[in-house]
Each structure stands twice: as structure tokens, then as C-alpha cells.
Amino acid sequence: MAVNDDYILELLVNAGIISQMDAASAKAQAAQRGAPVADVLVQNGLVTTEDILQEMANETGTEFLPAIEQVEEDAIALLQKEQVRRYRILPLSRHGNNVRVAISDPLDFGTLDSLRHILKLDVEPVIVPQPEINKAIARYYGELDESVETLMSSYGDLDLDVKEHTDGTDDGKEGGEGDAPIIKMVYGIIMDAYRLKASDIHLEPLEKRFRLRYRMDGVLQEMRDPPKRLQSTILSRIKIMANISIAEKRLPQDGRISIALQDGSSVDLRVSTVPTVHGESIVMRILDKTGLSLGLPQLGFFADDQATMERILALPDGIFLVTGPTGSGKSTTLYACLNTLNKPDRKLITVEDPVEYEVPGMNQVQVNEDAGMTFAAALRAMLRQAPNIIMVGEIRDAETANIAINASLTGHLVFSTLHTNDAPTAVTRLTDIGVKPFLVSSSIRAVMAQRLIRKVCSKCAQPYMPTDVELRALNLNASQIAEANFKHGHGCDTCRGSGYKGRSGIFEIFVVDDELRTLINDQATISQIRERARDLGMRTLREDGIRKVVAGFTTPEEVIAATTGDKD
């Protein structure tokens with residue numbers, strides 16, 4: 001029961017159920033065991049779980065049910081199996097805009113807020129013991145495992161070969177028979193995320209819980225929390241797998257994990273640790289190698305934009321930039337472009353920080369600033385390798401930018417990224433960091449800004465009509481609305497009730513022609529450059545997103561959220 005310990009003790013003492021001495025003893029035992037004080041009180045026989053819940057109900061004015069006897073079918077249909085399992089709650093009944101939900105902790109405001117967001121309804125909590133909720137979930141949704149250990153044990157029979165390299169800090173204590181459940185649990189967490197196609201795993205130590213979240217389709221979703229008492233053991237196990245020191249807990253660390261699967265493939269993860277108030281927070285980025293084989297059609301281009309991209313990639317020289325914030329899919333786009341160009345008669349060299357994926361046929365250079373191998377230094381060395389095509393992971397400073405531009409002017413096709421909100425702004429960003437305008441105008445062939453949006457789940461997609469507010473935001477006229485194929489996902493097991501499955505890109509392609517080149521050379525304002533590009537046919541991110549809404553690929557909500565700062 002994840003309730004504030006002091007609150008529980010004060011509640012029970014004030015009700016005369018336990019004494020101050022009992023409260024002090026239970027609090028000391030709870031701190032020693034790393035367990036919730038409510039569990040200690042129950043184990044010591046001082047109270048029952050029902051006593052605690054009844055007092056909480058009296059204090060908060062919430063209804064208390066010792067057992068669940070009746071559940072309305074309309075309420076069950078509101079949530080998917082994965083959602084009730086994740087939040088460990090049960091919808092009981094619905095009346096208009098109000099839904100009664102069984103929950104064991106009425107002070108779990110995070111869960112209640114999440115349910116209000118998912119259901120778009122007013123949520124009225126009803127306090128029910130967790131075992132009773134679990135029984136009802138099993139009855140109405142299917143069996144629910146009672147412990148994380150049981151949940152994770154389903155992965156115990158996998159033939160996994162983890163490529164581990166310990167650094168000697170474990171003193172030989174890791175990997176014994178007593179560690180088998182923890183090893184199995186960590187495997188389970190990783191493989192569960194891999195099967196759900198999560199992009200990263202977040203293990204976050206909080207005051208009373210050890211939170212586990214997966215990022216799926218760009219959105220963090222809470223999963224079943226591992227037991228708080230196992231926090232340090234789980235973190236140590238992950239650090240050993242990632243070949244980083246388990247003794248160092250005061251500084252951030254980075255490492256990698258590779259898990260070989262039965263079919264010959266592997267799951268690779270990049271691991272990052274950061275010390276926090278309640279322990280080390282770990283994020284494991286799952287490096288999805290399927291993204292390496294993507295071509296232009298899989299990125300989400302419509303036919304006209306794909307034709308534009310093919311013309312850009314056919315150029316013999318110049319610079320092509322991809323812009324957007326972190327997490328907008330820039331690297332995936334660059335790899336897709338390089339895959340298209342990766343032929344035996346061409347030499348491709350990349351400089352990256354870090355090199356996350358090793359691609360056959362490419363010469364990849366890892367940045368190492370401590371050793372003096374900066375982007376600029378690597379780029380200078382690359383030019384002596386006589387490449388046809390160069391990819392620079394990111395242009396961060398004037399030195400790197402000038403070397404890349406000089407390379408493009410001497411017959412190389414150069415790909416790179418910048419952090420700008422839209423495509424035309426890349427021009428001013430380069431001049432701001434010290435590149436001469438005439439060099440920018442003569443070297444830049446095109447700039448593409450992009451964002452990632454979630455796609456409507458194909459399994460539960462249904463026709464629908466957006467709200468008036470959404471239609472006004474998209475600025476659609478009557479004829480466009482009449483011809484549109486609006487869709488949204490109702491929610492199913494495939495998409496875990498979200499209505500979305502997978503992601504695609506929306507794009508703003510800024511092709512530099514002679515007229516725009518003159519404007520850049522004359523240092524025209526970015527507004528003038530953007531306006532002229534629009535006149536020449538450039539679509540903004542919002543406009544490309546609208547096309548995908550009208551085609552039924554995504555929803556207005558996704559496009560509006562991704563293009564809030566879009567310049568119309």
C-alpha cells in the first residue's frame with residue numbers, strides 16, 4: 001500500500017487503534033526493512049488492512065467496500081486489460097460523466113489523474129483492498145499475477161546470452177544462485193520493453209516506490225513497479241551488465257548492454273545513470289536496428305515529398321540538413337538517406353557522437369573529445385580519405401560548419417543535423433555561429449525540418465469527426481472536411497488502449513533555388529526567406545500534418561501538439 005507512512009500512523013493513533021509506542025516501533029522497523037509502515041503494522045498483528053482502509057475512508061469521506069460484488073459491463077468496457085493491470089484498479093459503474101473506480105489507495109493522485117486523462121470523465125474513487133481488486137480483475141479481464149517476481153518469471157526459459165563485462169567492483173559476489181530471481185527480473189523488464197517496441201526504459205527511485213516506465217511511441221507509460229526493497233539490487237545488476245562501476249553512486253555513468261537472442265539477433269541498449277535524492281535513476285535506450293534498414297518510403301513521405309527527397313539525394317555535392325528538437329527522428333532520417341546512397345561504388349564516412357549502430361558498408365568514426373577527436377578534427381581527417389558522401393552527426397560550432405561547407409564546395413555531398421524549430425531558420429543559425437552568408441547560400445542545397453507523430457492504430461481505427469476547436473486549429477475549409485477520411489483509435493489490446501500504434505514523420509522541406517540563394521546572400525530576414533519559400537511551394541510542418549490527418553493516418557490532436565510553434 002503506497003501511502004504516506006506518517007499519515008497512516010497519525011490516522012491510526014488518533015483513532016485509538018494503535019499507541020504512540022506502537023507507531024514509533026513500526027516506523028523504525030519499516031525503515032530497517034525498507035518496507036511500507038502499513039505492511040509492518042499488519043505483519044505485527046496490530047491492525048488489519050481493512051482497519052487501515054476503513055480509517056482512510058472515514059478521513060477522506062470516501063466509500064469503503066470490503067469486497068467487490070457487482071460490476072457493470074459498461075464500466076468494464078471503459079478500460080483495456082493492460083490499463084487495469086498497470087494501475088491495479090477496477091472501474092465499477094458509470095453514471096453520465098462520472099465513473100466509480102475501485103482503488104486501494106485513495107491518495108494515489110497520480111493514478112487518479114491518469115485515469116481522468118484516459119477516460120475524459122470524472123473519477124470517483126472507492127476504497128477496496130488490493131487482493132479483492134486483483135480477484136475482480138482476474139474475473140472480468142483475465143488472470144493477474146500477484147507479484148513482480150511471478151510476472152517476470154515468464155521470461156525465465158528464454159535462451160539469452162548476455163554479453164557482460166564486469167569491472168572487478170563486484171568482488172565476485174554477483175551471479176550466484178541467490179541472484180537468479182533478480183537476473184530473471186531484469187531480463188524480464190528488458191524483454192518486456194523490447195516486445196512492446198518501447199524506445200527506452202526508465203527506472204526511477206522515488207520516496208516510496210521504484211517506478212518503472214516505458215516510452216512507447218514517444219509517450220512514457222507506467223508499468224508494474226518492481227518492489228522498492230529490491231531497488232539497489234536491480235540497479236546493481238543493470239550496472240554490472242552495462243560494464244559500469246557498481247561502487248560509484250555519486251557521479252553519472254554510461255554503458256552498453258547486448259543481449260543475444262535465440263534467432264541470432266540481439267537487443268542492444270545504451271545505459272545512462274544519474275544520482276538522485278532517493279537513489280540512482282537509470283535510463284536504458286533500446287537501440288532498434290530495424291531503423292537502419294528503413295528507406296525513404298518508410299519515413300512517412302507522401303509521393304510528392306518523396307520525389308523531392310530523391311532529387312536532393314541525387315545531387316553530386318552540397319549540404320543537406322535535417323533539423324528538429326531531440327527525439328524528432330533526425331538520426332533515423334539520415335540513416336535512411338545513407339541507406340539509399342550506400343552502394344559499392346561510393347565511399348561513405350560518418351562522424352557520430354556516439355556511434356550507436358554499426359552499418360555495413362559505411363566507415364563510422366566515434367567522437368572522443370578527451371582524446372582530441374572532435375567533430376572538426378574527425379571531419380578534417382575524413383576529407384583525406386577521399387569520400388564521396390559525408391555524414392556529420394551534428395553541426396555544433398563554426399569550425400565544424402566551415403569544414404563541412406568547404407567539403408561540400410569541393411565535390412562532396414554532406415549530411416548533418418541542426419537544432420532549429422523550422423527549416424528556413426537553419427540559414428540564420430549557421431550565420432549566427434559565424435559562417436559567412438555567401439558560403440551558406442552557395443553550399444546549402446536543402447533543409448528539412450521534421451517531427452514525429454503517433455499513427456492511428458490500424459486494429460481499432462474508426463471514422464469520427466473532430467471537434468470544432470480542432471477543425472478551426474487545422475484551418476480546414478468545408479470542401480476539405482467533406483472529402484476527409486478522419487479516423488481515431490478506439491483503444492484495443494494491440495495499442496494498449498491508447499488508440500495509437502507506431503509513429504511517422506511530418507516534414508517541412510526547404511529547397512534552396514537561385515532566388516532564395518540571392519536572398520540568403522543579401523542577408524534577408526528569416527521572415528522574407530520563409531515567405532518566399534512558401535510562395536515557391538514549401539509546406540510547413542502543420543500543413544504536412546493536416547494532409548496526414550485528412551488521409552486518416554493520425555489525429556488532429558497529434559498534429560496540433562507537434563506543431564504548436566509552427567509559423568503559418
Side-chain angles (χ1 to χ4, degrees), residues 1-71 84-92 100-115 123-139 144-151 205-212 222 224-232 278:
M1 187 185 302
V3 184
N4 183 277
D5 288 352
D6 293 333
Y7 173 80
I8 288 290
L9 293 173
E10 182 181 355
L11 201 62
L12 296 175
V13 169
N14 291 342
I17 297 176
I18 63 172
S19 66
Q20 288 283 5
M21 186 177 297
D22 291 333
S25 175
K27 188 171 183 179
Q29 291 179 52
Q32 184 177 7
R33 299 179 197 172
V37 74
D39 292 351
V40 173
L41 290 169
V42 172
Q43 291 165 8
N44 291 348
L46 296 172
V47 296
T48 65
T49 300
E50 286 72 17
D51 292 334
I52 298 175
L53 295 180
Q54 184 64 69
E55 287 304 317
M56 291 176 63
N58 295 339
E59 179 72 14
T60 60
T62 307
E63 182 182 358
F64 171 68
L65 293 177
I68 297 174
E69 297 179 355
Q70 187 175 0
V71 178
V84 296
R85 287 186 175 186
R86 185 192 319 153
Y87 296 113
R88 306 189 74 181
I89 53 86
L90 185 78
L92 300 175
R100 296 170 71 245
V101 173
I103 188 170
S104 63
D105 179 5
L107 301 182
D108 186 355
F109 300 118
T111 291
L112 294 174
D113 286 343
S114 295
L115 291 174
V123 174
E124 176 189 340
V126 177
I127 302 178
V128 179
Q130 191 63 56
E132 294 298 320
I133 295 175
N134 292 344
K135 290 178 187 175
I137 290 174
R139 186 161 66 247
L144 174 67
D145 294 331
E146 291 293 329
S147 67
V148 176
E149 289 88 341
T150 305
L151 176 70
L206 305 179
E207 183 181 7
K208 299 296 180 183
R209 55 188 288 217
F210 185 32
R211 183 165 66 179
L212 171 63
E222 289 195 349
R224 288 281 296 278
D225 291 343
K228 178 71 173 175
R229 68 182 185 277
L230 299 179
Q231 173 180 308
S232 61
H278 301 293

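All values below were derived from every heavy atom in this structure, side-chain atoms included, with hydrogens, water molecules and symmetry-related copies excluded.
Here Asp113 pairs with Arg116 under the salt bridge (Lys or Arg N to Asp or Glu O under 4.0 Å) rule; sequence neighbours left out. Under the rule for a salt bridge (Lys or Arg N to Asp or Glu O under 4.0 Å), the partners of Glu222 that lie at least two apart in sequence or sit in another chain are Arg209, Arg211.
Between Asp108 and Thr111, the closest heavy-atom pair is OD2-OG1, 2.8 Å. Here the closest heavy-atom approach between residue Ile68 and residue Ala102 is recorded as CD1-CB, 4.0 Å. The shortest non-hydrogen separation linking Ile103 to Pro125 is CG2-CB, 3.8 Å. For the pair Val40 and Ala26, the tightest heavy-atom approach, listed with the atom from each and the gap, is CG1-O, 3.9 Å. Nearest heavy-atom pair across Ser104 and Ile133 is N-CD1, 3.7 Å. Listed here is the closest heavy atom pair of Val13 and Ala23: CG2-CB, 3.9 Å.
Between Glu50 and Phe64, the closest side-chain pair of non-hydrogen atoms falls below 4.5 Å.
In this structure, CD in Glu63 is found 8.5 Å from CG in Leu92, a value given to the nearest 0.5 Å. With values rounded to the nearest 0.5 angstrom, Thr49 atom OG1 is found 11.0 Å from Glu132 atom CD. One distance of note links CD of Gln130 with CD1 of Ile89; it measures 10.0 Å at 0.5 Å rounding. From Asp225, atom CG reaches atom NZ of Lys208 across 14.5 Å, with rounding to the nearest 0.5 Å. Going from atom CZ of Arg229 over to atom CG of Asp39 covers 9.5 Å, rounded to the nearest 0.5 Å. Annotation: the span from Arg85 atom CZ to Asn134 atom CG amounts to 10.5 Å, rounded to 0.5 Å.
Asp22 and Ser19 share a donor-acceptor pair across their side chains, judged by distance under 3.5 Å alone.
A donor-acceptor pair under 3.5 Å is formed between the side chain of Lys228 and the backbone N or O of Leu206. In this structure, the side chain of Ser25 does not engage the main chain of Met21 through any donor-acceptor pair within 3.5 Å.
In summary, of the residues considered (Asn44, Leu9, Ile8, Leu11), a side-chain contact (heavy atoms from CB on, under 4.5 Å) with Ile18 occurs for Leu9 alone.
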Compile the donor-acceptor pairs under 3.5 Å between side chains in residues 52-59 and protein atoms, sequence neighbours left out, one pair per line.
| from | atom 1 | to | atom 2 | distance (Å) |
| --- | --- | --- | --- | --- |
| Gln54 | NE2 | Asn58 | OD1 | 3.2 |
| Asn58 | ND2 | Gln54 | O | 3.3 |

